Each structure stands twice: as C-alpha cells, then as structure tokens.
Chemist: 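This structure is in structure tokens; I'll ask about it shortly.
Position 1 is the first residue of the sequence; numbering continues from there. The structure displayed is predicted, hence computed values, not measured ones.
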Amino acid sequence: MIMEQVNIQSTTYTTHTSFWWNTLKRHGELIAALISGILIAFTWFMEGSFTSSTASTLYIIAFIVGGFAKAKEGIVDSIADKDVNVELLMIIAAVGAGSIGYWTEGAILIFIFALSGALETYTLNKSERELESLMEIQPETATILENGSERTVSASTLSIGDLLLIRPGERVPADGIIIKGQTSVDQSAITGESLPVTKQIDEEVYAGTLNISGHLTVKMTKRSEDTVFQKIIALVQEAQDQKAPSQLFIEKLEGWYVKSVLLIAALLMVLPHYALGWTWDETIYRAMVFLVVASPCALVASIMPATLSAISAGARTGILFKGGVHLEQLGTMKAIALDKTGTLTEGSPVVTDVFTRDDIKKDFFIKSIASIERQSTHPLGKAIVNYAGNLDWYEPDQMMDYSGWGVEAKLAETTWRVGKLEFFRDVNGFNTFKEQYELLQRSGKTIVLASDNNGIAGMIALKDKVRVESNAMVKALQKRGIEPVMLTGDSEQTAKAIAEEVGIKTYYANCLPEDKVKRIKELKMQYGTVGMIGDGINDAPALAVSDVGIAMGQGTDVALESADVVLMKNDLGKLTRAVSISNRLNLIVKQNVVFSISIILILIASNFFQFLTLPLGVIGHEGSTILVILNGLRLLK
C-alpha cells in the first residue's frame, strides 16, 4: 500500500514538472519579457529608496532577463547570415544609454522590444500543430485480399496492384479503382461535396474518404505518397514555407537600417572631434544620444499595439486574427475565393419540395418514406426523417438495401422503393413527374423518388441550403471592390444554381484540392492579393496558398489551423467587419510609421546641431512611442 502511494506521488510530481517545463519551453520568451517589465517598474517606483548602484544593478538584471533571448537571437543570426540585424542594434542602443547613466531608458527599450518579439514568437509557434488533425483521418491499417483470404496490414506497406477490402463504415486506405461492389462514399474530406456520391465498378475512390454502405474490393493504383490525401498535406506544407513579399522586404530593410545606424554612430564617436572641434566628451555624448534616438522603438510600437488592439476588437465581435500580417493583407484584398459547402451554404441537405401522385396524400407519403429511411445513416435519409418530424412511425418489413441505388421495404401489404432515378427504370408512372424532375435537377437539387405497388408514388427534392447572410455578404464585398469567386467540388449544375442564387458571377465546379490551389494561383496573378474562405479539410491547401486564409468557426480542425482568420459561429457577415478592421489598422499603422520616422529624423537633426540633450532625446523618443501606442489603442473602440 505504501509502495502504491509513493508511485502515485511520483507520477503526480512528474506530471506537474512536465507541465511547468513545457510551459516554460513554449512561453519562456514571453515570461522573461514580463519579468523584465515588472523588475523595471519596481525599480523605477522604488528608485528613491535605493542607492544608485543598487538601482543600476536591478536595471542590469532587467537587461539580462529581458534581453537575453533577443541578444542570443541577434548574435546567432548575425553569425549565420554574416550580417547585422535590428536585435543587435537594440541591445547596443540600450547598453549605450546605460553607459552614460540612463539605465531606465535603456531597460524600457529592451522590455518593449523583447515583449513584441515574444508575442510574435508565440503566434508563430501555433502553426506547428497545423497538420495534426489532418493526419487523424488517414487509416493506419488496411485489409488486403490474397488468394481468397483476408489479411490486415499497415497502410504504409501497401503496394500498387494490391486488392483492398473496404467494409461499410471504414475509410479508404489508398487511391484505387473499384473492381467489385458499389456504395455511397462521403468524400467531403477531399472534394468538399456536401452529399455522398455513388461509386460503382471502374470508378475511382480516394484515400481518406468514408465508405458508407457497401462492401468494396478496390485495386490500389497510386503509392501512398502520391494519393490525393497526401497531396493535401504536401500543399499545406509547401505554402507555409513560402515567405510573403512584405516579409522579404522587411528583412532587407532591417539589414540596411542597422548597418546605417551603426556606421553613423561609429563616425559620430570620432569625426565631430576632428571636423567640428567638439571635445571628446561631447563627441561620445552625441554618439550615445544618436544611438538612443535612432533606435526603432517607436517604429516597433507603431505596429504591435495597433495590431493587438485590432485583434482584440475583432475577438469581441467573433473574428479571430492569427497575426498582424494577415490583418494588413486582408485590407488590400482584391478578390476572394469562397468554398460552397459549409461556407456559402449550411453544409447539410434539407427537404425543399415534395410531390405526390394524385391519389396519395402528402402526409401519408412523407410518413411512409421517413419510416423506411429511419433505418438509414445516409444524409439524405436523415434529412427526410428530420423533415417528417416526430411521428408514430410505421414498422417496415423485409427491408433490402441496394447499395448505390436505394432501398426496398414492405409497409403493411405495400412494397415501397426509395432511391435514385436509375432504381426505377422498370417502374411505371415516371412521365407524370418527368417535367418537374428535370426542372428541379436544373436548379441544382438532389431528387429522391419513391414507388408503391401502383408505380411512382412521388418524389422529394433536397438541397444544401444557402446561408441567410451569403447574398448580403457577396453584395458587400462587391461594393468594396472585392471580386467574389466560388470554388466547389460539386457538379456544374449545383454550382451554377448556388452561384446565381447568391449573386456570384465567376465560379469553378468539380474542384479537387489541387484544382482549388491552381485557381487561387491564377486569381493571384489576375488580381494581386487574394483571400480564400472555407471550412473543410479539402480547403486547407487553398487556405494556405492564399494571401489570407479565412476559415468558418465550425469548420474542420485542419481548416482552422491552416487559416489566418477565423469567423466564429460560422457568421459570414463578419467577413466585411474583418475587412473594415483591416482597413482601419492599415491607416493607423501608416500614420504611426510616418509620425515615428519624422520624430526620429527631427531628433537626429537636433542632436547633430547640439540642440538636443540626452534627457530631451529620451523624452522625445519615449514620448513618440507613447503617442503611437495611444493612437493604436483607438482600434479598441
């Protein structure tokens, strides 16, 4: 009993230790920055009670705690790239301020820069979990047929030509061709189609899709790494490895700025003594002042506080932004690609029309069909049952499932068939419904037919319902000069009907994930900055390759992880609100950047003409920082 207690305590201790260690590893930089800020604030408030050496020591500790990560990053990157960077400049400027007695200013400089860097690191680390949820639906095992017997093997060991047995409810382990059986397949993970599709002999099935009803024998036609499913993963990884043009520009600008400031500071420490007759004390003093006022503290503050304010404002209204760069690009967007299923539409079929033979009452017809479909797991059957509501159901007898076609059952003395048109080729009475059937089909609806002992008894039309806010959202985008384009894995007829209903002029149907990526790249060449909004796994590559990926809040995990912006509660109306926040952010950032650069130039000129003392330089530099932060906080309104 004592031994068991010791083990439990040991496990708990290890768990707690692991938790704190993982927290420290993930958020260590942010924790260090916050500790540095607390130490600076404490020293500043208590400075009158400390000796100067004690205060200086505390500030030096704040320097080390807050600046260690950035100093290490600056040194390592400088050695690796054989170039200087802004991290080194900030450290040198802070140490320069301290070297002439201004420890508080130097410490604050370190704190602001360390905090912004920690927040950026925290945001970027989220992308590491991006592919975890995607991998969960990939089957780890498969059943192969060899000499008439079954054998379960690891999916990674499969080879082209293997015969795979796939039972109802199992996911397809590899791309292949059906050589035996027929079924309905939920391939929304690959194509985004809202409704299962019928698959028969000689038709292709994709890895990761769900076999709903029939037993299949599939001949494997592609290696594991070449499947459509694996292409989704590869496309997401490839898109994330690509740097945005703005990021490349900032990296180039950073090196130029740091070199210029360091070169000028080095010259100011020597040249004025000989050229202008300044004393050595005045020369070094002016060089230190220059390092302080030229440090890009205000420039950093121009963007981060405003960005955080915009993110907070968006969060309050149900919009999740994953970073400042996405906020910036959202406001420059000229076109946006919209997924259909689950984005423009609700993502699940509903009954829209019911037609019956003259001698059959609608209520009896619906009750009969729903009683039969209660036994089905097919989305169309569920939609019919939901439409019927809570009834006193009939109890069907002698039910037979004809996979891929429909179902047959007896209710009392009547034999009912329910299914697709091809299931009723030998049944009379279709001509009565033919005109209405073709009209419904042209409108993009799915039709379920039903027959009794006297022929076709009626039909039920179903459709993936368009969201109430879709039409208004499309109009709002067009008013802002943003061109909406629909991308869907559904058929041409369905895509056309939905596009016309919501007011979208350009659409592309029958899109696999790689097709969506191709269309996004074409749109980027045509329009420049292009966004993508979707909710499914099949949308993940397109979300990643777009300039701004936007996911519906109730979408799949991988779509949420791949996206840059998430619209919570699946509210499309929030998209125009997100664009508005982005436009305001871009305006405030421009104001801040222009103001901060202007102040830096004025301070540098004043220092050169010896008008500026170090305290005034610190006041001007830190004052401009405070002003740009306050300007950024306006986005909280």
Side-chain angles (χ1 to χ4, degrees), residues 168 181-185 194-201 203 212-214 348-465 491 493-494 497:
Q182 59 185 13
T183 187
S184 293
V185 176
S194 56
L195 302 176
V197 294
T198 301
K199 294 288 185 176
Q200 303 178 27
I201 293 176
E203 292 189 335
I212 294 178
S213 53
S348 56
V350 293
V351 173
T352 59
D353 306 275
V354 177
F355 298 91
T356 63
R357 208 170 51 215
D358 292 340
D359 61 324
I360 297 180
K361 292 183 179 180
K362 178 180 175 181
D363 291 345
F364 171 75
F365 177 77
I366 286 295
K367 183 177 179 180
S368 300
I369 305 307
S371 295
I372 295 171
E373 292 292 354
R374 282 183 65 215
Q375 316 300 321
S376 173
T377 59
H378 197 288
L380 295 180
K382 290 182 178 180
I384 293 172
V385 173
N386 290 337
Y387 177 79
N390 296 321
L391 302 172
D392 293 327
W393 305 104
Y394 300 132
E395 291 299 328
D397 295 323
Q398 302 178 18
M399 286 195 63
M400 295 183 62
D401 184 16
Y402 294 86
S403 181
W405 299 88
V407 64
E408 184 176 287
K410 270 197 172 186
L411 295 176
E413 297 301 320
T414 303
T415 300
W416 287 88
R417 279 192 189 182
V418 183
K420 59 194 295 187
L421 176 62
E422 288 75 12
F423 194 34
F424 300 90
R425 294 300 185 190
D426 59 340
V427 179
N428 297 324
F430 175 69
N431 287 336
T432 305
F433 299 93
K434 183 176 181 180
E435 183 178 350
Q436 196 64 48
Y437 181 94
E438 293 175 348
L439 181 63
L440 292 171
Q441 193 175 48
R442 285 196 298 270
S443 67
K445 297 181 180 181
T446 301
I447 301 108
V448 173
L449 292 169
S451 68
D452 59 10
N453 294 343
N454 298 318
I456 300 294
M459 62 183 182
I460 302 172
L462 303 97
K463 187 177 183 181
D464 191 5
K465 188 178 179 182
S491 66
Q493 284 183 329
T494 301

Chemist: Between atom CD1 of Ile460 and atom OG1 of Thr446, what is the distance when rounded to the nearest 0.5 Å?
Modeler: 12.5 Å
Chemist: With sequence neighbours excluded, give me every ring-ring contact (aromatic ring centres under 6.0 Å, His included) pair touching residues 349-374.
Modeler: none
Chemist: For Asp358, does the CG atom have more than 12 heavy-atom neighbours from other residues, nucleotides or ligands under 6.0 Å away?
Modeler: no
Chemist: For the CG atom on Asn428, are there more than 12 heavy atoms of other groups (residues, nucleotides or ligands in this structure) within a distance under 6.0 Å?
Modeler: no
Chemist: With rounding to the nearest 0.5 angstrom, report the OG to CD1 distance, Ser371 to Ile384.
Modeler: 11.5 Å
Chemist: Of the non-hydrogen atoms in Ile456 and Phe424, which two are nearest, and what is the gap between them?
Modeler: CD1-CD2, 3.7 Å
Chemist: For the residue pair Ser451 and Val427, what are the closest heavy atoms and their distance?
Modeler: CB-CG1, 3.9 Å
Chemist: For the residue pair Tyr402 and Phe423, categorise the inter-ring angle as parallel (less than 30°), tilted (30 to 60°) or perpendicular (more than 60°).
Modeler: tilted
Chemist: Does the side chain of Ile366 reach to within under 4.5 Å of the side chain of Asp363, using non-hydrogen atoms?
Modeler: no
Chemist: Take Leu440 and Asp353, measure what side-chain contact (heavy atoms from CB on, under 4.5 Å) needs, and give me the verdict at the end.
Modeler: CA-CA 9 Å; Leu440 292 171; Asp353 306 275; 3.6 Å; yes
Chemist: Could you check if a side-chain atom of Val448 sits within less than 4.5 angstrom of a side-chain atom of Lys420, using non-hydrogen atoms only?
Modeler: no
Chemist: Over all heavy atoms of both residues, which pair between Met399 and Ala409 is shortest? Give the atoms and the distance, please.
Modeler: CG-CB, 3.4 Å
Chemist: Considering only heavy atoms from C-beta outward, does the side chain of Trp393 approach that of Val385 to under 4.5 Å?
Modeler: yes
Chemist: Hey, does the side chain of Thr183 reach the backbone of Gly214 with a donor-acceptor pair shorter than 3.5 angstrom?
Modeler: yes
Chemist: Got a sec, which residues hit side chain to side chain contact (heavy atoms under 4.5 Å, CB included) with Asn453, two or more places apart in sequence or on another chain?
Modeler: Thr414, Thr415
Chemist: How close do Ala457 and Ile360 get, counting heavy atoms only, and between which atoms?
Modeler: CB-CD1, 3.4 Å
Chemist: I'd like to know if the side chain of Glu438 and the backbone of Glu435 have a donor-acceptor N/O pair within less than 3.5 Å.
Modeler: no
Chemist: For the OG atom of Ser213 and the CH2 atom of Trp405, what is their distance to the nearest 0.5 Å?
Modeler: 13.0 Å
Chemist: Within this structure, what is the NZ-CD distance for the pair Lys382 and Glu373, rounded to the nearest 0.5 Å?
Modeler: 12.0 Å
Chemist: Considering non-hydrogen atoms only, spot the tightest contact between Ile212 and Val185 and give its length.
Modeler: CD1-C, 4.3 Å
Chemist: Got a donor-acceptor contact below 3.5 angstrom from the Thr352 side chain to the Ala461 backbone?
Modeler: yes
Chemist: Could you tell me whether the side chain of Ile372 reaches within less than 4.5 Å of the side chain of Val407, counting heavy atoms only?
Modeler: yes
Chemist: Before you tell me yes or no, could you show the steps for Val354 and Tyr387 under side-chain contact (heavy atoms from CB on, under 4.5 Å), namely the whole-Å CA-CA distance, both residues' side-chain angles and the distance that decides it to 0.1 Å?
Modeler: CA-CA 11 Å; Val354 177; Tyr387 177 79; 3.9 Å; yes
Chemist: What distance do Lys199 atom NZ and Gln182 atom CD have between them, rounded to the nearest 0.5 Å?
Modeler: 13.0 Å
Chemist: Does Trp416 have Lys410 sitting over its ring (NZ/CZ under 6.0 Å from centre, angle to axis within 45°)?
Modeler: no
Chemist: If you measure from CZ on Arg374 to CD1 on Ile369, what distance do you get to the nearest 0.5 Å?
Modeler: 14.0 Å
Chemist: Quick one: closest heavy-atom pair of Ile447 and Lys445, and the distance?
Modeler: CD1-O, 3.7 Å
Chemist: Taking the side chain as everything from C-beta on, heavy atoms only, tell me whether Pro349 gets closer than 4.5 Å to Asp464.
Modeler: no
Chemist: What I want to find out is whether Arg417 reaches Asp452 closely enough, with some N-O distance under 4.0 Å, to be called a salt bridge.
Modeler: no
Chemist: Starting from the C-alpha separation in whole Å, work towards a yes-or-no answer on salt bridge (Lys or Arg N to Asp or Glu O under 4.0 Å) for Arg357 and Asp359.
Modeler: CA-CA 6 Å; Arg357 208 170 51 215; Asp359 61 324; 2.7 Å; yes
